[in-house]
Structure formats: structure tokens, C-alpha cells
Amino acid sequence: VHLNSNLLAFIPMSWYLERRYGWWRIFPIFFLSGLGGNFFSALVEDQCTVYAGLSGAVYGMIGTLVSDMIINFETVTQPILRIFFFLLVIGFMTYETFTTEGISNFSHLGGLIIGLFPAFLFLKNMRSHGK
């Protein structure tokens, strides 16, 4: 279930972000989010528990999407529908994170933070650059 929810969230987000910004802007955020999420989890959680996965990177893409919505709200098509879909996905993934055993909550949080803030540096403002 967790793998499916990650894929269902990751595929449309990465497809949208890569088309909008190019892989050379999105890949560093994705990579850093995965590393940052796993490092944050290792730093905060029990050292005897081993977690593996790309949830931090997926949450990093969520952070990147939020950054895109903030930076380029005027250029986002159907922003209310996107916000609704985004909240639905976040709600489901958060529910699943807290109700399923063996999932690293801090990996999700670390990936979200790492994806959110560097995205402000990597993403361009579409108003000043045109579509």
C-alpha cells in the first residue's frame, strides 16, 4: 500500500514538475530530498531501526510542488483543483504514515523540508520568464 501511494503521488507530480522546469532543476531537489529525508530519520529516530525507501524524495516533490504554487500561483492552470488534489494526496499519505507500522515519519518530514526550501532557489518565476 505504501509503495502504491508513493507511486500514485510521485508520477503525476514529477511529470508535471519535469515538464514545467526540466529534469536538470527537478533531479537535484529529488536527490537531495531523498538523502535529506534519510539523514533526518537516522538523526532523530531509534538507531536500531532501519528504514529504506524513497518516501523522503516523494515528500520532497510535494515540497517542490508547494514552492511552485507559491512562486507561480498566477501561472498555474486550475489552481483550486490542484490545491484540492494536493490536499487529498497529502491527507491520504499522512493518514497512512501514522496508521501503518514500519514507516519513518521523520524521513517524510525531512524530505518535505529539503524539497520545500531549495525549490525556491531552483525554480524559476514564470511571470518574469514567460511560459
Side-chain angles (χ1 to χ4, degrees):
V1 171
H2 189 69
L3 176 63
N4 287 334
S5 68
N6 276 345
L7 286 173
L8 287 173
F10 174 71
I11 291 171
M13 283 187 300
S14 64
W15 181 74
Y16 168 77
L17 289 168
E18 273 194 38
R19 253 192 34 221
R20 191 162 165 92
Y21 295 106
W23 69 269
W24 57 91
R25 290 180 195 261
I26 300 304
F27 178 74
I29 299 169
F30 174 78
F31 187 74
L32 291 173
S33 297
L35 284 178
N38 287 325
F39 280 128
F40 191 64
S41 173
L43 189 69
V44 176
E45 294 181 302
D46 183 13
Q47 293 179 354
C48 295
T49 304
V50 176
Y51 295 104
L54 283 177
S55 294
V58 172
Y59 269 75
M61 291 294 94
I62 292 170
T64 305
L65 192 63
V66 170
S67 297
D68 176 52
M69 297 277 298
I70 292 169
I71 294 169
N72 296 303
F73 188 79
E74 293 84 15
T75 65
V76 174
T77 57
Q78 300 176 334
I80 302 302
L81 182 62
R82 288 187 190 271
I83 290 170
F84 175 75
F85 175 72
F86 171 74
L87 291 175
L88 187 67
V89 168
I90 289 294
F92 175 74
M93 290 180 77
T94 303
Y95 171 78
E96 183 204 10
T97 297
F98 288 107
T99 59
T100 306
E101 299 245 350
I103 294 178
S104 170
N105 297 325
F106 289 102
S107 177
H108 293 141
L109 180 61
L112 181 68
I113 291 168
I114 297 294
L116 183 65
F117 294 111
F120 287 108
L121 300 174
F122 286 108
L123 302 183
K124 61 184 176 181
N125 185 327
M126 295 297 187
R127 288 177 304 212
S128 61
H129 290 90
K131 283 191 174 185

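Side chains included, hydrogens not; waters and symmetry mates left out as well; all remaining heavy atoms used.
- Residues passing the side chain to side chain donor-acceptor pair (under 3.5 Å) test with S107, sequence neighbours excluded: none.
- When the side chains of ILVMFWY residues are joined at heavy-atom separations under 4.5 Å, either directly or via intervening members, M69 and I113 end up in a single hydrophobic cluster.
- Note: the hydrophobic cluster containing L87 also contains I70 (ILVMFWY, side chain heavy atoms under 4.5 Å, direct or indirect links).
- The shortest distance between side-chain heavy atoms of F40 and L112 does not fall below 4.5 Å.
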Tabulate below the donor-acceptor pairs under 3.5 Å that side-chain atoms of residues 56-65 make, not counting sequence neighbours, or state none.
residue	atom	partner	partner atom	Å
T64	OG1	G60	O	2.9
T64	OG1	G115	O	3.4

Side chains of residues 22-31: which donor-acceptor partners sit under 3.5 Å, not counting sequence neighbours?
residue	atom	partner	partner atom	Å
R25	NH1	F122	O	2.7

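- For F84, there are no ring pair (Phe, Tyr, Trp, His ring centres under 6.0 Å) partners two or more places apart in sequence or in a different chain.
- When hydrophobic side chains of Ile, Leu, Val, Met, Phe, Trp and Tyr are connected at separations under 4.5 Å, L32 ends up clustered with I114.
- To the nearest 0.5 Å, atoms CD1 (I11) and CG (N6) are separated by 10.5 Å.
- Applying the ring pair (Phe, Tyr, Trp, His ring centres under 6.0 Å) rule to F39 yields no partners; only residues at least two apart in sequence or on another chain are considered.
- Follow the hydrophobic side-chain contacts under 4.5 Å out from F73 and you reach F117 in the same cluster.
- Taking hydrophobic clusters as Ile, Leu, Val, Met, Phe, Trp and Tyr residues chained together by side-chain heavy-atom distances below 4.5 Å, W15 does not share a cluster with L17.
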